[in-house]
Amino acid sequence: MPKILIVGGGYAGFYTAWKLEKWLRAGEAEVTIVDPLPYMTYQPFLPEVAAGSIEPRHAVVALRRHLKKTNVVTAKVTKVDHATKTATITPEVGDEWTMEYDQVVMTAGAVSRTFPIPGVADEAIGLKTIEEAAAIRDKLLTNFAKASNLPAGPARDRLLTVVVVGGGFAGIEVFAELRSFASDLLKNYPGLTIDDTHFHLIEAMGRIMPEVSLETSHWVLKNLAQRDAIVHLDTQLQSAVGGKIELSTGDSFESDLIVWTAGVMANPMVRNTDFPLEQRGRITVKPDLRVVDGETIVPDAWACGDVAATPDLTGKGVGGFCVPNAQHAVRMGKQLAKNLVASLRGESVTDYRHDNLGAVAGLGLNVGVFQSGKIAIKGFPAWIAHRGYHGMAMPSFERKFRVVGGWWNNFWLGRDIVSLDNRERPRAAFEEFASRPKPAAEAAAAPTPEVGTPAGEPGPVYANPAGEKGAPAESETTKPARKAPARKPAAKKAPVAADDASSSDAKVPAAE
Ligand SMILES: Cc1cc2nc3c(=O)[nH]c(=O)nc-3n(C[C@H](O)[C@H](O)[C@H](O)COP(=O)(O)OP(=O)(O)OC[C@H]3O[C@@H](n4cnc5c(N)ncnc54)[C@H](O)[C@@H]3O)c2cc1C
């Protein structure tokens with residue numbers, strides 16, 4: 001049986017595998033998909049995830065759940081040597097191995113593209129993964145909670161200042177969504193007003209959203225300005241060191257949340273392959289999605305999506321190539337699967353051609369824009385179109401149901417406003433009170449337990465402050481008493497409650 005290897009299970013890879021499952025006959029080929037993530041990410045939903053309108057896990061599609069006939073391998077492909085038809089698979093744990101294949105499909109997508117601006121690599125966060133979107137959501141929520149304890153001033157301003165770099169589609173969407181989320185949050189923070197929050201988008205060009213007409217982009221700018229969201233056009237970020245934003249216009253302010261959305265580039269992993277790359281680092285393919293080196297077809301190799309430079313046969317693509325978007329990636333994945341099956345059967349392949357359907361963007365609750373040719377829809381109807389389109393485009397009924405169900409719940413109940421920021425330190429709560437074995441020397445010096453009082457029994461331990469004469473030998477359960485000698489005996493006050501009170505003493509009034 002021929003072996004098909006798909007490198008990357010995002011939009012293009014997932015759809016290729018999904019359609020291969022449909023169109024391959026039983027026993028016709030064995031398909032393996034390799035991705036370090038166990039899911040495909042529906043990236044157009046990332047701005048809504050960041051704004052708390054979609055639950056993070058609802059915006060991803062589990063590969064193992066939806067690809068029933070495909071071998072799903074959760075690992076990275078770190079090298080492809082097409083000359084020998086082998087790929088190096090590197091899992092997170094365990095040894096890497098070499099996989100032999102007959103046909104390879106390269107769909108490793110794109111990564112955030114940055115410039116060497118001081119501070120960006122250390123302070124900013126991208127918006128390409130579900131983890132980034134969830135982290136942005138939690139950061140905004142946590143910053144609101146922190147800011148509510150502070151008086152007006154630079155520290156509070158920093159927490160309530162959001163900066164987005166890049167005024168393309170993704171940048172504007174996340175900027176507008178976060179603005180909408182922050183405005184919504186204010187009703188839960190009576191001490192804060194919209195004037196306390198600051199939203200800045202930095203765009204190097206003289207306009208935003210090149211996918212829509214100039215007139216529509218002006219409408220978006222006006223709408224954002226009305227919502228207290230400032231767009232700095234013709235402006236470059238010069239430094240973000242320590243969160244201090246310095247702009248080419250001379251403006252400077254501090255921000256605790258800097259989102260970088262200023263472009264993407266083909267996944268650099270392709271440099272570890274022997275496939276031909278064009279100047280922007282994408283694999284060169286023919287319109288039928290076969291890899292091509294100059295005029296020569298590279299046999300048994302295919303590529304599509306953001307990682308490939310696919311000629312746009314409509315003649316409308318930037319530089320003659322299909323723009324990197326999901327609209328193309330989905331359709332290319334399906335076409336590639338069709339062509340791969342055809343080629344296995346010795347049939348002819350078909351060129352990929354897709355006329356742009358237009359662009360639709362969500363700009364926060366109840367606001368959107370839609371542009372198709374000269375037709376533009378703005379405001380609420382466009383927002384409905386945005387949700388309608390993406391609700392339908394989300395792969396599988398199961399995922400559609402979760403996303404649309406979430407919107408329905410939010411409509412009636414509002415967005416969830418709890419930050420799960422502490423999941424970054426999930427062991428902290430356990431560790432704070434966890435007992436540890438004593439160092440050997442200290443254990444040897446400890447008094448012997450009284451007969452009939454087994455070490456480790458909790459009752460007497462908490463009743464006796466550590467080190468008191470006659471106290472039982474310190475065991476794991478006695479450790480908290482030693483850590484906090486000033487604590488009152490448990491008989492009067494539970495140890496956990498005592499710690500709670502001490503940690504919040506500074507903020508909670510005594511009456512509470
Ligand atoms: C915030 C945001 C909003 C967007 N909104 C829209 C929109 O509204 N409309 C639209 O059309 N497009 C939109 N896009 C663009 C669209 O999501 C991408 O063009 C599309 O995801 C490209 O699909 P792909 O399969 O090429 O890459 P991806 O979907 O990125 O998939 C690449 C996969 O390769 C995997 N991978 C990476 N390295 C390796 C490796 N070494 N080995 C194996 N696997 C690897 C990755 O984990 C990933 O799963 C948006 C993008 C973003 C970031």
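These figures come from a predicted structure and were not determined experimentally. One-based numbering along the sequence shown.
- Under the 3.5 Å distance criterion, the side-chain polar atoms of Asp312 are matched with a main-chain donor or acceptor of Gly317.
- Counting only distance, with no hydrogens or angles, the side chain of Glu203 and the backbone of Met205 share a donor-acceptor pair below 3.5 Å.
- Surrounding CZ of Phe401 are at most 12 heavy atoms belonging to other residues, nucleotides or ligands under 6.0 Å away.
- Inter-residue side-chain proximity for Leu20 and Ile6 is flagged as met; some heavy-atom pair is nearer than 4.5 Å.
- Within the 3.5 Å criterion, the main-chain N or O of Gly281 finds a donor-acceptor partner in the side chain of Glu278.
- Not a single donor-acceptor pair under 3.5 Å links the side chain of Lys3 to the backbone N or O of Glu30.
- Taking a cutoff of 4.0 Å between a charged side-chain nitrogen and a carboxylate oxygen, Lys85 and Asp102 do not qualify as a salt bridge.
- The number of heavy-atom neighbours closer than 6.0 Å to NZ of Lys128, taken from other residues, nucleotides and ligands shown, is above 12.
- Every residue two or more places apart in sequence or in another chain was checked for a ring pair (Phe, Tyr, Trp, His ring centres under 6.0 Å) with His58, and none qualifies.
- Between the SG atom in Cys304 and the CZ atom in Arg331 there is a gap of 13.0 Å [rounded to 0.5 Å].
- The two atoms that bring Ser419 and Thr142 nearest to each other are OG-OG1, 2.8 Å, heavy atoms only.
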Distance-only criterion, 3.5 Å: show the donor-acceptor pairs between side-chain atoms of residues 164-178 and protein atoms not counting sequence neighbours.
{"residue": "Glu173", "atom": "OE2", "partner": "Gly362", "partner atom": "N", "Å": "3.0"}
{"residue": "Glu177", "atom": "OE2", "partner": "Gly364", "partner atom": "N", "Å": "3.3"}

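- Inspection of the His66 and Glu398 side chains reveals an N or O donor paired with an N or O acceptor under 3.5 Å.
- Within the 3.5 Å criterion, the main-chain N or O of Val60 finds a donor-acceptor partner in the side chain of Arg399.
- Here the rule is side-chain contact (heavy atoms from CB on, under 4.5 Å) with Phe14, and of Val61, Asp35, Thr70 only Val61 fits it.
- Residues passing the side-chain contact (heavy atoms from CB on, under 4.5 Å) test with Val404, sequence neighbours excluded: Trp407.
- Donor-acceptor pairing under 3.5 Å is recorded for the side chains of Gln371 and Thr216.
- Other residues, nucleotides and ligands place more than 12 heavy atoms under 6.0 Å from the CG atom of Leu413.
- Checking Thr78 against Thr90 by side-chain atom types alone, a donor-acceptor pair falls below 3.5 Å.
- Side-chain contact check for Gln327 and His354: at least one donor-acceptor pair (N or O, by modelled atom type) lies under 3.5 Å.
- Between Val270 and Leu277 the shortest side-chain heavy-atom distance falls below 4.5 Å.
- With 3.5 Å as the limit, one finds no donor-acceptor pair spanning the side chains of Ser343 and Arg290.
- Between Glu48 and Arg137 no salt bridge is recorded (no basic side-chain N to carboxylate O distance below 4.0 Å).
- For the residue pair Asp288 and Asn339, no side-chain donor N or O sits within less than 3.5 Å of a side-chain acceptor on the partner.
- Aromatic ring centres of Tyr352 and His328: separated by under 6.0 Å.
- With hydrogens and angles disregarded, a donor-acceptor distance shorter than 3.5 Å links the side chain of Thr284 to the backbone of Val292.
- Taking all atoms of both residues into account, the shortest heavy-atom contact from Thr107 to Gly13 is OG1-CA, 3.3 Å.
- Remark: Met392 CE is loosely packed, at most 12 non-hydrogen atoms of other residues, nucleotides or ligands lying under 6.0 Å away.
- A 6.0 Å sphere centred on CG of Asp95 holds no more than 12 heavy atoms belonging to other residues, nucleotides or ligands.
- A heavy-atom distance below 4.5 Å is not found between the side chains of Thr16 and Trp302.
- Residues Phe144 and Phe181 are not in side-chain contact: their nearest non-hydrogen atoms beyond the backbone lie 4.5 Å or more apart.
- Around the CD atom of Glu215, the shell of radius 6.0 Å holds no more than 12 heavy atoms that belong to other residues, nucleotides or ligands.
- Across all their heavy atoms, Val105 and Ile4 have their closest contact at CG2-CG2, 4.2 Å.
- Of the possible polar contacts, one joining the Ser255 side chain to the Thr161 backbone as a donor-acceptor pair under 3.5 Å is found.
- In this structure, a donor-acceptor pair under 3.5 Å is absent between the side chains of Ser183 and Ser180.
- The distance from atom CD of Glu123 to atom CG of Leu257, rounded to the nearest 0.5 Å, is 11.5 Å.
- Residue Lys19 places its NZ atom among more than 12 non-hydrogen atoms of other residues, nucleotides or ligands, all under 6.0 Å distant.
- Rounding to the nearest 0.5 angstrom, the gap separating the CG atom in Leu237 from the CD1 atom in Ile258 is 7.5 Å.
- Ionic pairing of Arg436 and Glu431 is present here: one or more N-O contacts between side-chain nitrogen and carboxylate oxygen are shorter than 4.0 angstrom.
- Under the 6.0 Å cut-off for aromatic ring centres, Tyr389 and Phe370 do not qualify, their centroids lying 6.0 Å or more apart.
- Of all heavy-atom pairs spanning Gly9 and Leu63, the tightest one is O-CD2, 3.7 Å.
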Verdict with supporting geometry, Met106 and Val80, side-chain contact (heavy atoms from CB on, under 4.5 Å): CA-CA 10 Å; Met106 296 297 299; Val80 180; 4.2 Å; yes
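- By the 30° and 60° cut-offs, the orientation of the rings of Trp18 relative to Tyr15 is perpendicular.
- Arg353 has its side chain within reach of Thr314: a pair of non-hydrogen atoms, C-beta onward, lies under 4.5 Å apart.
- Between the side chains of Asp81 and Thr84, a donor-acceptor pair is found at a separation under 3.5 Å.
- In this structure, Asp351 does not pair ionically with Lys286, as no charged nitrogen and carboxylate oxygen lie closer than 4.0 Å.
- Side-chain contact between Thr197 and Arg179 is present, with heavy atoms from C-beta onward closer than 4.5 Å.
- Looking at Asn410, its side chain does come within 3.5 Å of a backbone N or O of Ser53 through a donor-acceptor pair.
- A distance of 11.5 Å separates CD1 of Ile89 from OG1 of Thr74, quoted to the nearest 0.5 Å.
- Qualifying ring pair (Phe, Tyr, Trp, His ring centres under 6.0 Å) partners for Phe275, counting only residues two or more places apart in sequence or in other chains: His82.
- Judged as a side chain to side chain donor-acceptor pair (under 3.5 Å), and not counting sequence neighbours, Thr235 has no contacts.
- Looking only at distances, a side-chain donor or acceptor of Asp138 sits under 3.5 Å from a matching main-chain atom of Leu420.
- Under the 4.0 Å criterion applied to side-chain N and carboxylate O atoms, Lys139 and Asp421 are not assigned as salt-bridge partners.
- With contacts defined as side-chain heavy-atom distances shorter than 4.5 Å, the pair Thr310/Leu289 qualifies.
- Counting heavy atoms from C-beta on, the side chains of Leu46 and Thr41 come closer than 4.5 Å.
- Closest heavy-atom contact between Ala87 and Leu5: CB-CD2, 3.5 Å.
- The environment of Lys76 atom NZ is sparse: at most 12 non-hydrogen atoms of other residues, nucleotides or ligands sit within 6.0 angstrom.
- The two residues Val7 and Met269 make their nearest non-hydrogen contact at CG1-CE, 4.2 Å.
- Here Arg227 pairs with Asn223 under the side chain to side chain donor-acceptor pair (under 3.5 Å) rule; sequence neighbours left out.
- Formation of a donor-acceptor pair under 3.5 Å by the Trp260 side chain with backbone atoms of Arg113 is found in this model.
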